[in-house]
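First up is the structure itself, then whatever we jot down about it.
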Number of protein chains: 2
Amino acid sequence: MRGPGRPRSDQARDAILDAAFQLLEENGLERFTIEGVAARSGTAKTTIYRWWPGKGALAMEALLAHAELTVPIPHTASAVADLRTVLDGIARSFAGATGRVVASIVLAGQNDPATLKVYHEKVVEPRRQRLRDIIERGKRNGEFRADLHVETLVEAMYGALYTRLLIRFSPLDEPGWMDRHINQLLEGALPRPLCSQGA
Amino acid sequence: MRGPGRPRSDQARDAILDAAFQLLEENGLERFTIEGVAARSGTAKTTIYRWWPGKGALAMEALLAHAELTVPIPHTASAVADLRTVLDGIARSFAGATGRVVASIVLAGQNDPATLKVYHEKVVEPRRQRLRDIIERGKRNGEFRADLHVETLVEAMYGALYTRLLIRFSPLDEPGWMDRHINQLLEGALPRPLCSQGA
DNA sequence: CCATTTCGCTATGGTCCGTTTCGTAAGTGT
DNA sequence: ACACTTACGAAACGGACCATAGCGAAATGG
């Protein structure tokens with residue numbers, strides 16, 4: 001089914017994507033350069049330009065090909081515990097090399113809507129959907145309020161992760177952080193009147 | 001008290017900062033160039049390099065000089081209402097030109113820790129402190145739980161704003177969004193047993 | 001063997017960086 | 001008035017990188 005001609009070199013392709021990922025985690029996307037990728041991968045610049053339209057697309061594919069973006073989908077009896085598992089997994093991956101690359105991609109997207117769109121479809125949406133599923137299950141369980149607005153909760157949980165990644169209020173691997181965050185999101189801020197004694 | 005020599009031209013300074021802010025909101029920081037600023041401001045590149053070490057610092061100062069980052073500090077009887085006011089103000093400013101510039105700054109900060117540090121000190125921390133104050137007041141009022149972890153709530157609220165700004169899950173000016181978000185953060189996700197009837 | 005396609009190499013013109021040089025403008029002290 | 005000091009504007013520089021093009025060599029299918 002493949003037509004005539006020299007086939008594309010998978011070796012070159014892999015070398016390019018590997019080099020791209022390495023350079024992204026070393027320097028971030030600001031100093032990420034096609035020529036740098038060519039040099040480190042041992043390939044020619046022209047080969048890169050033949051297959052990728054620009055640095056945004058290349059960085060994106062390097063991320064998708066290389067990152068451990070596939071957190072396992074837990075499904076235990078407790079929706080809260082599953083939530084914790086998923087969010088912990090994301091936090092761990094954000095705290096490492098993948099996090100820096102993700103940050104580069106997201107921020108590159110500010111001036112490259114196409115790249116940001118792909119990131120949405122390939123990374124953000126699937127993950128959000130996973131959270132949604134878990135929360136819906138929790139609502140059916142009775143673990144969560146029946147009138148809970150799922151999107152809002154998803155946004156709050158995801159938002160904290162991305163904010164720590166990008167703005168760096170505080171480190172992503174601060175011990176106990178995620179537990180505290182989840183607990184408070186679930187419990188809310190308003191005082192809970194005790195049933196045994198009115199307030 | 002001013003030594004000898006030609007004094008610095010405030011006119012040139014203002015022209016540079018204005019031009020920088022304009023170009024930031026037009027193109028974002030990716031295509032933000034010192035030479036572009038020089039051209040639009042009608043000054044020379046050397047003048048810019050005399051006073052600013054690089055594009056990060058210039059962009060930062062342009063933001064600080066130009067943006068309406070000073071949201072008024074409300075202080076009514078209700079801490080919840082004040083919270084709403086402050087967050088609404090930030091959301092509005094993020095939804096406009098300032099938001100795009102802020103996004104650029106954060107982007108620049110990923111590879112320019114010094115700039116990100118200044119952003120923290122000059123913008124992030126003061127705003128966070130304002131939120132903290134309001135929440136503490138709410139705790140004293142009894143509007144909030146006494147054992148509320150203030151930092152976590154601040155992070156959740158701020159986080160949603162930055163995430164909408166940078167990741168663009170959904171628009172910052174979506175009607176009713178902020179109210180829903182605040183309400184749910186305050187009320188939590190767990191079911192609230194009615195006092196009159198046990199569960 | 002030949003057509004086709006990719007690969008690596010070597011330019012090319014262009015933009016922007018960050019710096020330097022140089023002549024000129026605008027203040028200070030004596 | 002005069003020297004001194006500092007900032008401004010214009011021009012040019014080497015360097016990095018972009019995006020593209022031309023070329024010969026390599027690798028496949030027919």
Side-chain angles (χ1 to χ4, degrees), chain A residues 1-20 22-24 26-62 104-105 107-112 114-115, chain B residues 1-20 22-24 26-62 104-105 107-112 114-115:
Chain A
M1 270 308 99
R2 195 179 69 241
R6 177 178 179 172
R8 175 174 184 179
S9 161
D10 280 343
Q11 185 205 326
R13 196 191 105 101
D14 294 347
I16 290 170
L17 290 177
D18 283 354
Q22 284 175 26
L23 291 171
L24 277 174
E26 285 171 23
N27 301 325
L29 191 121
E30 187 86 352
R31 278 170 294 188
F32 178 76
T33 141
I34 300 279
E35 296 195 331
V37 175
R40 172 154 322 183
S41 66
T43 63
K45 215 174 22 159
T46 43
T47 305
I48 299 178
Y49 276 108
R50 187 185 309 276
W51 299 106
W52 290 277
K55 59 201 284 183
L58 174 55
M60 187 54 142
E61 195 167 332
S104 293
I105 300 285
L107 293 166
Q110 300 304 310
N111 291 298
D112 183 354
T115 296
Chain B
M1 271 309 97
R2 195 180 66 244
R6 175 178 181 173
R8 175 173 183 181
S9 162
D10 280 343
Q11 186 205 325
R13 197 190 103 101
D14 293 347
I16 290 170
L17 290 177
D18 283 355
Q22 284 175 27
L23 291 171
L24 277 175
E26 286 172 23
N27 302 325
L29 190 118
E30 188 86 352
R31 278 170 297 186
F32 178 76
T33 143
I34 300 278
E35 296 195 329
V37 175
R40 173 156 320 184
S41 66
T43 63
K45 213 173 27 157
T46 43
T47 304
I48 299 178
Y49 276 108
R50 189 187 306 276
W51 299 106
W52 290 277
K55 59 202 284 184
L58 175 55
M60 189 65 197
E61 195 166 333
S104 294
I105 299 288
L107 161 61
Q110 299 302 309
N111 290 298
D112 182 354
T115 296

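Computation of the quantities below employed the complete heavy-atom set of this structure, encompassing side-chain atoms and omitting hydrogens, waters and symmetry-equivalent molecules. Just so it is clear, the model here is predicted, and its values are computed rather than measured. Just so we're on the same page: letters track the sequence lines, and every chain starts at 1.
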Exercise for review: Sequence neighbours left out, what passes side chain to side chain contact (heavy atoms under 4.5 Å, CB included) with B/N27? Give chain and number order.
Suggested key: B/L23, B/R31
Point to revise | DNA chain C-proximal residues of residues 39-47 of chain B, any heavy atom under 4.0 Å | key: B/K45, B/T46
Point to revise | Residue pair B/L58 / B/Y49, side-chain heavy-atom distance below 4.5 Å | key: no
Practice item. Start with the C-alpha distance between A/W52 and A/I16, add both sets of side-chain angles, then the distance that settles side-chain contact (heavy atoms from CB on, under 4.5 Å), and finish with yes or no. Key: CA-CA 11 Å; A/W52 290 277; A/I16 290 170; 3.8 Å; yes
Exercise for review: Quick one: list whatever passes side chain to side chain contact (heavy atoms under 4.5 Å, CB included) with A/A59, sequence neighbours left out.
Suggested key: A/L24, A/L29, A/F32, A/I105
Study note, to complete from the structure: So the contacted stretch of DNA chain D, first to last nucleotide with an atom under 4.0 Å from a non-hydrogen atom of chain B, runs from D/dT5 to D/dA12
Exercise for review: Would you please name every residue forming a side chain to side chain donor-acceptor pair (under 3.5 Å) with B/S104, sequence neighbours left out?
Suggested key: none
Point to revise | Touch class at under 4.0 angstrom, heavy-atom based, for B/W52 against every strand present | key: nothing
Review point. Can you list the residues that meet the salt bridge (charged side-chain N to carboxylate O under 4.0 Å, His left out) rule with B/R8, with sequence neighbours excluded?
Key: none
Revision key, fill the gap. Those stems involving DNA chain C that have three or more consecutive Watson-Crick or G-U pairs, both distances under 3.5 Å, are C:1-30 with D:1-30
Revision key, fill the gap. Sorted by position of nearest nucleotide on DNA chain C, 5' first, the leading residue of B/R6 and B/G54 is B/G54
Exercise for review: Please identify each residue that fulfils salt bridge (charged side-chain N to carboxylate O under 4.0 Å, His left out) with B/E61, with sequence neighbours left out.
Suggested key: B/R13
Throw together a table of side-chain donor-acceptor distances under 3.5 angstrom for residues 33-41 of chain B, partners on residues two or more places apart or in other chains.
| residue | atom | partner | partner atom | Å |
| --- | --- | --- | --- | --- |
| B/T33 | OG1 | B/E35 | N | 3.0 |
| B/T33 | OG1 | B/G36 | N | 3.2 |
| B/E35 | OE2 | B/K45 | NZ | 2.8 |
| B/R40 | NH1 | B/Q22 | OE1 | 2.9 |
| B/R40 | NH1 | B/E26 | OE2 | 2.8 |
| B/R40 | NH2 | B/E26 | OE1 | 3.2 |
| B/S41 | OG | B/V37 | O | 2.8 |
| B/S41 | OG | B/A38 | O | 3.2 |
| B/S41 | OG | B/T43 | N | 3.4 |
| B/S41 | OG | B/T43 | OG1 | 2.8 |

Study note, to complete from the structure: Sorted by chain and residue number, the side chain to side chain contact (heavy atoms under 4.5 Å, CB included) partners of A/T46 (sequence neighbours excluded) come out as A/A44
Practice item. Specify the residue among B/P53 and B/P7 whose closest nucleotide of DNA chain C lies further upstream toward the 5′ end. Key: B/P53
Study note, to complete from the structure: Comparing nearest nucleotides in DNA chain D, the 5'-proximal residue of the pair B/G5, B/R50 is B/G5
Exercise for review: Only counting residues at least two apart or in another chain, list the ones meeting salt bridge (charged side-chain N to carboxylate O under 4.0 Å, His left out) with B/R50.
Suggested key: none
Point to revise | Boundaries of the DNA chain C segment in contact with chain B, non-hydrogen, under 4.0 Å | key: C/dC16 to C/dT28
